[in-house]
Structures are given as structure tokens and as C-alpha cells.
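Encoded as C-alpha cells, the structure appears first; notes follow it.
The structure displayed is predicted, hence computed values, not measured ones. Numbering starts at 1 and runs along the sequence shown.
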Amino acid sequence: MMKRPLLPELNNAMINYTRMFHVTIENNKKTHMKSKFLILLFVLSSTIMIAQEKLADKFFSNFGYIKATELYEEVLKKGDTSLHVLTRLGDCYYNNSKSEKAAYWYGKALEKYGDDDINPEYIYKHIQSLRSLGHYDEADTWMKTFMEIQNNDSRIKGYNPENIAKYNELASTEKNKVVKLHNLPFNTKYSDFGAFVHDGQLYFASARNTDDKKLYSWNQEPFLDIYQVKVDKDVDTVTYGTPDFITAEKVNTDFHEASIAITNDGNTMYFTRDNVSKSNKKVKYDKKGTTHLKLYKATLVGEQWTNIIELPFNDEVFSTGHPTLSPDNKQLYFVSDREGGIGNTDIYVVDIEGGNQYSEPRNLGETINTEGREMFPFVAKDSTFYFSSDGHLNLGFLDIFKSNLLKDDTAEPENLGAPYNSGYDDFAYFKNTSEAENEHTGYFSSNRPDGQGGDDIYSFDASVCIQMIKGIARNLNTNEILTGVTVKLINEVGKVIAEVETNDEGSYEFTADCNSTYTVIGTKEDYKDDQKKVTTDNEHEKLTEADLYLEPLISNSQIVINPIFFDFDKSNIRTDAQYELENIVDVMRAHPNMVIKIESHTDSRGRDKYNEKLSDRRAKSTMEYIISRGIARERIESAIGYGEYQLLNKCSNGVKCTEEEHQLNRRSYFYILKE
């Protein structure tokens, strides 16, 4: 009927060696020492790189992407071009939406290691970064590689190499939009499509009438008839009655009827029917043996649709169908394959002049119509124009589009994307409300494989679900509010998606998606970062509070950090100690004239003199780490160890204490001598 049929990838060498032996033996003694020295340098260099890489990893895991980037790049300069370092650099930039550098480092990783040795997820991130830069051709090349590796990945379903960037935009539902689809309970294994709701009744076309043994040859289903079903809607639920034939006299025949539109007053119905004789007994054919579709209208008399009249712009040699009305009922839009059109089927409009008088049909033009099929027009209350097409960029077969053409003749059609559209036929969009009414409910039809039959009717409930995350940044020690704190909102995969500064009241605010997990991080010069985990649920416009408490790094003429831990009897700087010492580096960078001195202390266990030497080594290794990070040596006046001579508690030699009590005495101080 009116559906898609119409409008349907190893001995002389040993002798030479003996002659040479007595000549080279003395040289070997000299080179042996040199080799040992080079090996030692290599080991030390490798150890430093490994330690710095671990430190970078720690910052990365805590979303400190800027510091991690700095550390990974230093490791890279020392010669570590491992896959881990290259991809982590890519991730640091990717998560901060720095597409150009992200693409550069992912590209370096792929260039050095190839796509066989790299996790496909990095290929996908490379593709995304390239798209963001508008490098669609290069992204397309990598997408083909990704498809070969990840041939079951949902992100390549229905991939269209002609326009990868736009396709992937269409194929994913907006994260902050909650769209619920429901396959209606009265769908059957036969074709059911084309919902239209008026005055509590849902009208649709269906081939469910199996009482009539006559079958349509195109799909071997019964012919289509128009049905109606009562719709009851309360605040939370929608219920449907039992479908039955439309209450009409002679609307349904032995052939196809479908696709209706009813005027605002409910008194006139336009519908599509096969070209049948006036007696409704036989279908008419043209000279080529083809039967065409026509538009009819009926009038409501009492509770019956009657007085069926054929519209005058029908013809015997082309089809006309799929009616819809403008909001004011002054224009009638329809589909036709009449001569002079742009494609297989085009959408037209006529003015309704009264009685059975209409203007000449006008083609909606190339903005809407293509060389393909445009079908199933619908005009919403706000004059948004919806239609289905396989000629515009789509996910496959017919997709649903919307256009502002009726208010702006330069407006381009917009694909509704998933989940309204799929890789199958999606058509016959309908809703009772406008965008401004903030109720996004309605119906569409589809033959996607999760349905009951060939074509099914789906209802949709689409709403933008958002929540607010807000809080106040405070000084951890004094509880006073902090202004100018940089607060970042980071999603589940570690990407910074928003960044603000706290205002004069110390507050910040983010709009967040429902059903998501975030990390909120606050940073401010001379303070330690603070972070909070926030998980949103599905309650629209809910408020979640996440206050931040930043600890000052400068207090009483000291730079105060968490305790620096050393391995037992060791003075090398561990990764966790490096992590803390970066706070010292940050403060000294922020205060370029600052001069400090370092003091290190031990607990009482061990000999007094040994502890003094151990703490002195620790103080000096701490100083050397800070200097290695670019702080001038003259800015650290001294680094001295005091052993166990300045205990903070009772835990002197011979006194039994807990590990925690001994730990209190193992400490370092960073005194500020000059700011």
C-alpha cells in the first residue's frame, strides 16, 4: 500500500684470535672499568625514568593530567618512548579535550608500534581526536582499520564511509537525553504503522485482518485497513484498549487503506486508499498494469465517518498519499510520484480552499526532496516539519528528519538520530505537542528487528534529564570560603568536561547528566587539591552538593605537606614521596623568590649516630629531588638531618611504642626563610 513498496565488505678465525689475545689483554683491563661505569650510568638512568614514570602514573590516576603530562614528557626526553608513555600522553591531552596534541601522541604510538600491538581503544580515541579536528579522511582510514580489528564493536554498526563524522553523531543518543521506547501492546506479526491520535483515539493502519483471505502479493499479508484504539493517559502510565476497525461507513475496503489526518475540529478525515472503483469492488490499473494510490476525505456524521470524496488532484497514472495537515488546517501535505518531481517520491502541498477545492500541488523543493524517497510528512503544532527519507544522510533505509522549513525556507533538514532512527526503516512520526510544551512524547513506526512483526508502532518519551552539582570551596583549616578556586568536572573515563572558578561566595555550579558518575576537583595556588566523587541518578533537576576543602600548603612559615615516607634504612625518594614533594615544587614555582631550608628527622630506633647520618642523607636526597625538578640550588639554603635528637613524643631509646608513634618522629620540615 502506502508504505515502502510505493513510495519501498661459522678454523682460521680461531688462529687469528690466538694471535691477538696477548695484544688485547691489557686493553681489556682498561675497557672493563669503563664498561662497568657505563652500565652503572645506564642502570641509574633507567631507575630514574621508571620512578618518574610511576610518579606520572600516580598523577594520571588522580586526574592530575597537567602534572602527568609534564612528567611523561620529561621521561620521553630521557629516551623512554614506550607504548605506555606515548598513549598516556595521548590520554592526558584527550581527557582535557586537547584534540590536536592527543591525535599527535596517539599517532606517534601507532606509527611506532603499529595497530597490531596497540589496544584498539587507542585507535578509536585517535579517530575521535581526528574528527574533532575535522580530519575526516584520516579518521575514515583509521576507522576501516578499527573495523577490521573490532568487527563486533557497536560503534561501527551501519558505518557509512561516505560521511563517518556525521554518521557517528547520528548513531549515538545524546547522553543527557532520556528516550524511552515502547513497542505498543497491540502490535501484531503483521504490518502495523502510522499512528495518529485525536480525541483519545489512536488511529493506525494494520494488515491484521486475517478473516479476509485475500493477500497482498508484495508481502503476502492481508491488505491494510484503518483501525482505532482508545488511549487513556494519566500522570505515569498510558493504557490502550482493544483495537477495532475504524467507525466508518465504507472507509475500509477489500484493498489498502492507511495513513490518516484529522482536522482540528474532528469533523474531516483525509486518508489513503488504493485506486478502487466507486463500488469498492475492484481496483483500477493503468495501462502498464500498475495500481496507484489516491487521497480521499470523509466527514464525521454522528460517530460514523461517511460521505467519502476523492480529492481532485489524484490521477490514474501516479500515486498520491500520506496526508498531513498544517496546524491551522489551511494546507494539506502529501506524497506523490507524479511527473515533474525530483526523486522517486516527493512531498507536495496544496492550499485547502473550501468545499472540495484545492490549489495546484506545489513541490516542497530540493531542501526537502531528493532523488530518493521522501515520505510520511507530519507537521507538529509549532509548525516543525517531520518526514522520512532515504535520500538525505541516514543510518540506513528510511530515517526520520525534522525541518524548520515552514518558518525558514533556508532551513536544512536534521536527522533525528538514534534511537528514533536505526539501520532499518523508520517512519510515520507523530506527536501531539510542540517543543515549547516541554512534553516530548509521541509515536513512530519501524521494522527494526526487536519488534513483533514487519512494521510496528513505537511510542517514545523523550526528556532531557539533567542535574545540578554545586558546592562551596573552603580552607580546610579555618573553614573560610575560598574564591578563585579552579573546579573541574571529570567524567567516568577521566575526561574534563567542564571547568569553572569559585565566585565571591566561594561557590561553583555544574550542569550534569543524569545516571552518571563524576569527579569534582578543586585546585588553587598554595593549596592541596581536594576532590569528591559524585553520582547522579535519574531524577530530573535534582541538586547534589559537593563542598571542597583545600588544605593550605603554607602555614607558620613552613610549606606543609603530608609525611614523606622512606623505605626502612633507605634514603631514596619513593614514588609516594615524589608525589608529595611536587607540592613543594609547585609552591616554589609560584613564588620565584622563595628560599627554604630542609630538616629531616628519624625515630629513636637504631644507633644515635647512624640515625643522624641516615636523616642527613634523606634530607639531601629530598633536596636533590626538588633541584631535579628545576628549582635552583641556591634557593635551598640547607638540607640537614637531625637524627633522633628532636623527638616529638616519649618514644626515646628503650621506650616501647607503637609503629604509629614512631612514625610521628619520622618527618621532614620545609621552612620558608624568604618569600
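- At least one donor-acceptor pair closer than 3.5 Å links the side chain of Gln467 to the backbone N or O of Glu539.
- Looking at every heavy atom in both residues, Ile226 comes nearest to Ala258 through CG1-N, 3.9 Å.
- Listed here is the closest heavy atom pair of Pro323 and Leu332: CB-CD1, 4.0 Å.
- Between the side chain of Ser516 and the backbone N or O of Cys514, at least one donor-acceptor pair lies under 3.5 Å.
- The shortest side-chain heavy-atom distance between Tyr190 and Asp455 does not fall under the 4.5 Å cut-off.
- Aromatic pair Phe255/Phe223: ring centres closer than 6.0 Å.
- Distance check: His135 NE2 to Asp140 CG gives 14.0 Å after rounding to the nearest 0.5 Å.
- Under the 3.5 Å distance criterion, with hydrogens and angles disregarded, a donor-acceptor pair is assigned to the side chains of Glu316 and Asn275.
- Between the CG atom in Asp456 and the CG atom in Leu184 there is a gap of 8.5 Å [rounded to 0.5 Å].
- Residues Val335 and Pro377 approach most closely at CG2-CD, 3.5 Å, considering heavy atoms.
- Relative orientation of the Phe460 and Tyr429 rings is parallel, given thresholds of 30° and 60° on the angle between their planes.
- Distance CE/Met375 to CG/Leu398: 6.0 Å, rounded to 0.5 Å.
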* Assess whether salt bridge (Lys or Arg N to Asp or Glu O under 4.0 Å) is satisfied between Asp426 and Arg448, documenting all intermediate values. => CA-CA 8 Å; Asp426 306 288; Arg448 59 190 63 189; 2.7 Å; yes

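- Inspection of the Asp192 and Ser206 side chains reveals an N or O donor paired with an N or O acceptor under 3.5 Å.
- The local environment of CD in Glu509 is crowded, with over 12 non-hydrogen atoms from other residues, nucleotides or ligands closer than 6.0 Å.
- Atoms CG and CG, on Leu325 and Asn264 in that order, are 7.5 Å from each other to the nearest 0.5 Å.
- The NE2 atom of His322 lies 14.5 Å from the OH atom of Tyr348; values are rounded to the nearest 0.5 Å.
- Annotation: Tyr270 is not in aromatic contact with Phe334 [ring centroid separation under 6.0 Å not met].
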* To do: Before giving the answer on side-chain hydrogen bond (donor to acceptor under 3.5 Å, both in side chains), spell out for Ser389 and Glu374 the whole-Å C-alpha distance, their side-chain angles and the decisive distance to 0.1 Å.
  => CA-CA 4 Å; Ser389 172; Glu374 279 65 52; 2.5 Å; yes

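- Between Leu130 and Ala103, the shortest heavy-atom distance links the atoms CD2-CB, 4.2 Å.
- The backbone N or O of His392 sits nowhere less than 3.5 Å from a side-chain atom of Thr370 that would complete a donor-acceptor pair.
- For the pair Tyr358 and Leu311, the minimum side-chain heavy-atom distance is below 4.5 Å.
- Taking the six-membered ring for Trp and the full ring otherwise, the centers of Tyr227 and Phe245 sit less than 6.0 Å from each other.
- Residues Asn415 and Asn421 are in side-chain contact: their nearest non-hydrogen atoms beyond the backbone lie under 4.5 Å apart.
- For Lys407, the NZ atom is densely surrounded, since the number of other residues' heavy atoms within 6.0 Å is greater than 12.
- Taking the centre of each ring, His182 and Tyr458 stay at or above the 6.0 Å mark.
- At distances below 3.5 Å, not a single donor-acceptor pair connects side-chain atoms of Thr272 with backbone N or O atoms of Gly321.
- Ring pair Phe186/Phe204: centre-to-centre distance below 6.0 Å.
- Counting heavy atoms of neighbouring residues, nucleotides and ligands inside a 6.0 Å radius, atom CD of Gln357 does not exceed 12 of them.
- Counting heavy atoms from C-beta on, the side chains of Lys250 and Gln304 never come closer than 4.5 Å.
- Between Tyr333 and Leu364 the shortest side-chain heavy-atom distance falls below 4.5 Å.
- Of the listed residues (Val317, Thr320, Asn363), just one forms a side-chain contact (heavy atoms from CB on, under 4.5 Å) with Arg338, and that residue is Thr320.
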* To do: Apply side-chain hydrogen bond (donor to acceptor under 3.5 Å, both in side chains) to Asn187 and Asn183, showing your working.
  => CA-CA 7 Å; Asn187 285 315; Asn183 187 288; 2.9 Å; yes

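- Both tests pass for Lys125 against the ring of Tyr94: distance under 6.0 Å to the centre and angle within 45° of the axis.
- Leu416 places none of its side-chain heavy atoms less than 4.5 Å from the side chain of Asp399.
- Shown here for Phe430 and Phe196, the closest heavy-atom pair between the two residues is CE1-CD1, 3.6 Å.
- A salt bridge does not link Arg273 to Glu310: none of the charged nitrogens lies less than 4.0 Å from a carboxylate oxygen.
- Between the CH2 atom of Trp142 and the OG atom of Ser129 there is a distance of 13.0 Å, given to the nearest 0.5 Å.
- For Lys294 and Asp315, the salt-bridge test fails: no basic side-chain N is under 4.0 Å from an acidic carboxylate O.
- Enclosure of atom NZ in Lys98 is not indicated, since only 12 or fewer non-hydrogen atoms of other residues, nucleotides or ligands lie within 6.0 angstrom.
- No donor-acceptor contact under 3.5 angstrom links the side chains of Asp337 and Asn344, judged on distance only.
- What you find for Asp328 and Ser326 is that their closest heavy atoms are OD1-OG, 2.6 Å.
- Thr263 contributes a side-chain N or O that, together with a main-chain N or O of Thr268, makes up a donor-acceptor pair within less than 3.5 Å.
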* **Verdict with supporting geometry, Lys542 and Asp537, salt bridge (Lys or Arg N to Asp or Glu O under 4.0 Å)** => CA-CA 8 Å; Lys542 181 178 179 180; Asp537 55 25; 2.7 Å; yes

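- A side-chain donor-acceptor contact under 3.5 Å links Thr536 to the backbone of Asp513.
- Under a cut-off of 6.0 angstrom, the local environment of CG in Asp137 is sparse, with at most 12 non-hydrogen atoms contributed by other residues, nucleotides or ligands.
- By the 4.5 Å heavy-atom criterion applied to side chains, Leu405 and Thr367 are counted as neighbours.
- By the 4.5 Å heavy-atom criterion applied to side chains, Pro243 and Arg208 are counted as neighbours.
- Taking the ring centroids of Phe318 and Phe313, they lie at or beyond the 6.0 Å cut-off.
- With sequence neighbours excluded, the residues that form a side chain to side chain donor-acceptor pair (under 3.5 Å) with Lys495 are Ser97.
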